[in-house]
Amino acid sequence: MYLSRFYLPLMKETPADAQIISHQLMLRAGMIRQGAAGIYSWLPLGYRVLKKIEQIVREEQDRAGAVEMLMPTIQSAELWRESGRYEAYGKEMLRITDRHDREMLYGPTNEELVTEIFRAGTRSYKDLPKMLYHIQWKFRDEIRPRFGVMRGREFLMKDTYSFDLTEEAARKSYYKMFVAYLRTFNRLGLKSVPMKADTGPIGGDLSHEFIVLAETGESQVYCHRELIDMAVPGSDVDFDGDLEPFVRERTSLYAATDEMYDEKEFEKVPEDDRITARGIEVGHIFFFGTKYSAPMNCVVSGHDGRNVPVQMGSYGIGVSRLMGALIEAYHDEDGCRWPVPVAPFHVGLINLKPGDEESDRLCREFYAKLQGAGIEVLYDDTPARPGEKFARMDLIGLPYQMVVGPRGLATGHVEVKERHSGERIELTPDEALDHVTGKIISALVPA
RNA sequence: CGGGGCGUAGCGCAGCCUGGUAGCGCAUCUGUUUUGGGAACAGAGGGUCGCAAGUUCGAAUCUUGCCGCCCCGACCA
């Protein structure tokens, strides 16, 4: 992409409304624009990141055996009356009336709808287990939206629903999602810690929040130090095999958010290993048994021919919120520092002097070769001054910058800057190309 | 929903108390000089002062109502 064609409205000054770094940088780097409280447009740069996050989430869901579908944003109130949640949900649910005075709602979640879909198409235990998911916009009319996309009213969420015959089988589905989540956040470049969450009236041990540690997190969290750098299952993990060891490894050490915090239990952790921090909830997995299947009559014939309600669980990832979490985790005073897998472009190619024949020629050559290697390039071909170009590229935070200009070319060199470390090296054009290509390609292969 | 704050040019703000027909910095446009980490000079364009009503000869400024946004709290499968 040529910068001269791209739409990238940057701001030098920080808008007064934005309180936290991720919100400030998303506005300054031209990634989002607020439409109303907690509602944002995704501008081209931000949308590219959102799609990358979404795609990684999708790949890991598919790997775990979940099946993608798409349910609508608008739902009928009728279904929610079946489950009893239409009244229970309260004002957080945005209620809409259509021209025929039918009661509708903008979905805050999809348990009812997916249960209806599943009951309509499933008769026998032989059709189980199944996991269905979709990635769709949700709306929750939060009393007070804040922190930009971290706590918006409209947000993009991946939600998976599992259907099993027995609680024991449901546990296996739960473990699949547990492992998929570890892999997903790891691929995004985030260190996540699963923490015990409130299971509500169902009870049991099957609810976890996945927390990314960050100073600006909304929840106070407590955990054992070893959880933070624990290696995640590799891409060769067998989702049909026994996943319990992975789960046990992660859940045997203490980790809890504020609401589940137990001081006495935490004090059993050796003092040096106790970590008290702030965290951002990026995922939540939950087993809820027959909470919806029973009232909504989502049943299958069991081995004995009798109908039994299916055992269900739901598993959410806040896709749009993750973007905020990523910036909170990866930024410095100059701007964003995107990890390669989610970067809006991989390389920022800076032509310091458009119009200079040799600079133009080499930039065009770099651009073609990088694109040919499957690398996404944002080529700054604008006539702006060098200082502005550098500052701009630092702000939007592409992982690598290649700087081409007459001064370097006089000695046959170009500069390569790694945004994350800030390291700058002088290389010949061929070396620079190999260096950058190699780094990016290897960073794109999922572990 | 309770408490607080704010709404003046694309962004950041001053002016309001003490009414007199709108200003600063950045950004934008033109020209000249510059040119490797957010240039300098000269000039230019851009605002129904959130909306409505009221007071007044006259309202960005005073009064009332409404709308919107932000912060703290409560809330957050």
For [X], which contact category applies under a 4.0 Å heavy-atom criterion: base, sugar-phosphate, or nothing?
X: A/Ala384; value: nothing
X: A/Lys417; value: base
X: A/Pro406; value: base
X: A/Arg33; value: nothing
X: A/Gly408; value: base
X: A/Thr14; value: sugar-phosphate
X: A/Gln19; value: sugar-phosphate
X: A/Glu218; value: nothing

For A/Tyr261 and A/Phe266, what are the C-alpha separation, side-chain angles and deciding distance, and is it a ring-ring contact (aromatic ring centres under 6.0 Å, His included)? CA-CA 8 Å; A/Tyr261 178 58; A/Phe266 191 48; 5.8 Å; yes
Taking any strand in view, what nucleotide pairs with [N] in a Watson-Crick or G-U wobble way, both distances under 3.5 Å?
N: B/A44; value: B/U28
N: B/C49; value: none
N: B/A22; value: none
N: B/C62; value: B/G54
N: B/G2; value: B/C72

Considering only side-chain heavy atoms of [X], which listed nucleotide, [options], is closest?
X: A/Ala37; options: B/A77, B/C75, B/C70; value: B/C70
X: A/Leu395; options: B/C76, B/A77, B/G38; value: B/G38
X: A/Glu92; options: B/C76, B/A77, B/G36; value: B/C76
X: A/Met157; options: B/A77, B/C70, B/A27; value: B/A77
X: A/Gln34; options: B/C69, B/G36, B/C76; value: B/C69
X: A/Val403; options: B/G36, B/G38, B/A77; value: B/G36
X: A/Ala36; options: B/C69, B/C75, B/A77; value: B/C69
X: A/Arg385; options: B/C11, B/U35, B/A77; value: B/U35
X: A/Glu415; options: B/A77, B/G36, B/C11; value: B/G36
X: A/Asp17; options: B/C13, B/C72, B/C69; value: B/C69

Whole Å only: how far is the [atom1] atom of [X] from the [atom2] atom of [N]?
X: A/Glu142; N: B/C76; atom1: CD; atom2: P; answer: 10 Å
X: A/Phe288; N: B/A77; atom1: CZ; atom2: P; answer: 14 Å
X: A/Met93; N: B/C76; atom1: CE; atom2: C1'; answer: 15 Å
X: A/Arg144; N: B/G2; atom1: CZ; atom2: P; answer: 15 Å
X: A/Glu333; N: B/G37; atom1: CD; atom2: P; answer: 18 Å
X: A/Lys91; N: B/G2; atom1: NZ; atom2: C1'; answer: 14 Å

Using 30° and 60° as the class limits, which term best fits the ring planes of A/Phe288 and A/Phe286: parallel, tilted or perpendicular? tilted
Please state the [atom1] separation for the pair [N] and [M] - nearest whole angstrom.
N: B/G7; M: B/C62; atom1: P; answer: 11 Å
N: B/U33; M: B/C11; atom1: C1'; answer: 28 Å
N: B/U8; M: B/A44; atom1: P; answer: 26 Å
N: B/C41; M: B/G23; atom1: C1'; answer: 22 Å

Assess whether a salt bridge exists between A/Lys138 and A/Glu154, defined as any Lys/Arg side-chain N lying under 4.0 Å from an Asp/Glu carboxylate O. no
Cationic N near anionic O, under 4.0 Å, A/Arg419 to A/Asp332: yes
Upstream residue (5' side of RNA chain B) when A/Pro15 and A/Phe155 are each assigned their closest nucleotide: A/Pro15
Quick check on RNA chain B: between A/Ala18 and A/Arg151, whose nearest nucleotide comes earlier from the 5' end? A/Ala18
Between the base of B/G37 and the side chain of A/Arg424, is there any donor-acceptor pair under 3.5 Å? yes
Base of B/G38, side chain of A/Glu388 - is there a donor-acceptor contact under 3.5 Å? yes
Result of checking A/Phe345, A/Tyr379, A/Tyr47 against A/Phe6 for ring pair (Phe, Tyr, Trp, His ring centres under 6.0 Å): A/Phe345
If you take all heavy atoms of A/Leu27 and A/Ile32, which pair is closest and at what distance? CD2-O, 3.8 Å
Tell me if the centroids of the rings in A/Phe178 and A/Phe210 come within less than 6.0 Å of each other. yes
Ring-ring centroid check A/Trp80 A/Tyr89, cutoff 6.0 Å: yes
